[in-house]
2 protein chains.
Amino acid sequence: MKDVAQHAGVSTATVSRVLNGHAAPTPETRERVLAAIEELGYRPNALARSLRTTSTQTLGLVISDLLNPFFAEIARAVEDEARSHGYCVVIGNADESAEQEATYVRTLLDRRVDGLLLCPATDDPELVREVSAGGVPLVLLDRTVRGATCPVVRADGSEALTALARRLVGAGHTRVGVIAGPPDTSTGRERSDVFIGALGGAAQVVHGDFRQESGSQAAAKLIDDGATALVAMDNLMGLGALGEIRARGLQIPHDIALAVFDDQPWFPLLDPPITVIAQPTVEMGRAAARSLLALIDGRQPDDVRLTAKLVLRGSCGEAEL
Amino acid sequence: MKDVAQHAGVSTATVSRVLNGHAAPTPETRERVLAAIEELGYRPNALARSLRTTSTQTLGLVISDLLNPFFAEIARAVEDEARSHGYCVVIGNADESAEQEATYVRTLLDRRVDGLLLCPATDDPELVREVSAGGVPLVLLDRTVRGATCPVVRADGSEALTALARRLVGAGHTRVGVIAGPPDTSTGRERSDVFIGALGGAAQVVHGDFRQESGSQAAAKLIDDGATALVAMDNLMGLGALGEIRARGLQIPHDIALAVFDDQPWFPLLDPPITVIAQPTVEMGRAAARSLLALIDGRQPDDVRLTAKLVLRGSCGEAEL
DNA sequence: AGGCCGTAGTTAATCGATTACACATGTATG
DNA sequence: CATACATGTGTAATCGATTAACTACGGCCT
């Protein structure tokens, strides 16, 4: 910057003013400064700027699992929305581990992100408290924690789950195997609670960990126990369940019905196509980013609850096949 | 930091020494400082530290498309490797757009990442030159650019493509439709060049853009032109092709054979399972991160070329079905 | 006792920006 | 003609760390 100033025959203050679009400098001075910048290929040091202004124009996003397409889509949406407001997004991948999540959150805070978007790995409110105590704007995404005191953006699958349960019961299923998420996550509990409630007793539950392998194992156990329908509460566990079904040579929906929470582009391409509960991922990501930006702006956004939709495709023996 | 110093009755220099594990401070002093840090909940400002030391302990990773599971896996691997060396990764999503790529690269450089990993959107070397001119360590990943002067890490699919071509020709296919990537990317050109060469004239090519929609369109055109086998040079285009095949009610492999470059967890679950050329994504990501860290360290790593493997599964009418 | 040395700790410069305040110049006003 | 006021720029403090150069202290040797 000093070089630029010298080159243009002005002080660094003037260069800074030109850079930040202040009213002061003469068009002529501005011209000279811009020329010098161009000539020297000068690029301002974002670190120094941030140190001085205490604003990094950066959002932190800590997600549970980058390999889960659901979170990848969310990340993508967050990033789009943030960029359109001049913010950058730093993504941290917690890998469904609370420790790694905490590590990432601290790293991001140390780097002074202007706000944090978190998909909590567990519903323990401790980390959330720590962030809030630091005074950093925080929004929870997809999952919540016990007694959350910050805005939450998530999808509501109650209606869809209830409709699905009714459908399965109506089709005569009396043993529905539920592959649920971990009981210490809000989505892990809530989805299966609602669903089991709607089934009215015809359910058996196995908890997985939102990963493919656990889906296979849960499916194996549930099939052994005589389940005639399987519902996976997340796309990766759904993938695992599907693998187990294929491995056993079972026919969908004749031998066993299957439905999955979360849609994926390839689900419609299976034979039969898989019935799913589709979450509005893009809207969730965008809404979360908007809420966080509002918070940073000093406003107090409301919680956002978007509805997930049941998409019937045939894997549960629907008429609409 | 001043507060901590005051609290512990020492100067900021001493606090800094304790923080950085310097030899100087007495165990006793160290103890006092650590207590003060604990009590005040002090966390050092990474921006200030980086400004002073000109090292951010951060790697930049600009990938072509976060929604493409291939890149998501790579990102994951890069992140793992980087973290194990005490580095953080900032991911930028270029969305297969050269402009957005350039924007991200500049943003990352402005934030003074210690090194940059780039999956170039086009083979135009301009951006690479710009980064190199700035003296920032750079490694190319998956794709290269014309006359690249920096280390490149990528997968070599020649053998696998040749074997696949032989197989298809051997099975009697005389009209093989190739769904290639954009001709201005190295992977877009090389894969189809090798494959078409090995087919020896039995090929028709349509270039897509590495996205699902383009795969469908390409497949439609190739099927209309009488192709009896389709080979997609990327998993998203493969997904699109599969959709088109399904939409037309064609049977694989009876009516049409299909093979895809890039494996995905759900490919084996289709009926028939899809034959693929699998890239060692995790190894690619790790190798790229290691090369970059070596470069940052002042060493000069070699290019890395990992081999992709043909996985026969049945969608090309293999005996091994 | 005086000089020398090693050690623990302090002072102050520095990284690269932003910005409050001071200053100089030019124009309008009484 | 002196005063006030607007306008464009420069000076220097500041953000929060690191670190070279310096100081003070206590012990050891002759």
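Letters A, B, ... mirror the listed sequences (proteins, then strands); counts begin at 1. Being a predicted model, the structure only gives us computed values, none of them experimental.
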Return no unless some side-chain N or O of A:Ser11 is found under 4.0 Å from OP1 or OP2 of D:dT11. no

Over how many whole Å does the gap from A:Asn45 atom CG to C:dC15 atom P extend? 12 Å

Between P of C:dT18 and CD of A:Gln57, the distance in whole Å: 12 Å

Whole-Å gap separating P (C:dG16) and CE (A:Met1): 11 Å

Which of B:Thr54, B:Thr58, B:Thr56 passes side-chain hydrogen bond (donor to acceptor under 3.5 Å, both in side chains) with B:Asp114? It is B:Thr56

base_contact_polar (C:dG16 base, A:Arg43 side chain, donor-acceptor, <3.5 Å): no

Over all strands shown, is A:Thr26 touching base, sugar-phosphate only, or nothing at heavy-atom distances under 4.0 angstrom? sugar-phosphate

Answer with yes or no whether B:Arg52 presents, from its side chain, a donor or acceptor under 3.5 Å of a partner atom in the base of C:dT14. yes

Contact class for A:Ser16 (heavy atom, under 4.0 Å): base, sugar-phosphate, or nothing? base

Five pairs at each end of the helix from C:dA1-D:dT30 to C:dG30-D:dC1: take the axis at both ends and give me the angle between them to 10°. 70°

Looking at B:Asp110 and A:Arg49, is any side-chain nitrogen of the basic one under 4.0 Å from a carboxylate oxygen of the acidic one? no

With a non-hydrogen cut-off below 4.0 angstrom, is A:Thr14 in contact with a base, only sugar-phosphate, or nothing? sugar-phosphate

By the 4.0 Å heavy-atom rule, please label A:Val15 as base, sugar-phosphate, or nothing. nothing

Is a donor from one side chain sitting under 3.5 angstrom from an acceptor on the other, for A:Asp234 and A:Asn68? yes

5'-most by nearest nucleotide on DNA chain C - B:Val10 or B:Thr54: B:Val10

Contact class for B:Thr29 (heavy atom, under 4.0 Å): base, sugar-phosphate, or nothing? sugar-phosphate

In whole angstroms, the gap separating C1' of D:dC15 from CG of A:Leu51 amounts to 4 Å

Under 4.0 Å between a Lys/Arg side-chain N and an Asp/Glu carboxylate O for A:Arg143 and A:Glu96? yes

I want to check something: taking the side chain as every heavy atom from C-beta on, are B:Arg154 and B:Leu306 in contact at a cut-off of under 4.5 Å? no

Nearest-angstrom distance from the residue atom NE2 of B:His22 to C1' of D:dA17: 12 Å

OP1 or OP2 of D:dT18 less than 4.0 angstrom from a side-chain nitrogen or oxygen of B:Asn20, does that happen here? yes

Over how many whole Å does the gap from B:Glu31 atom CD to C:dA8 atom P extend? 16 Å

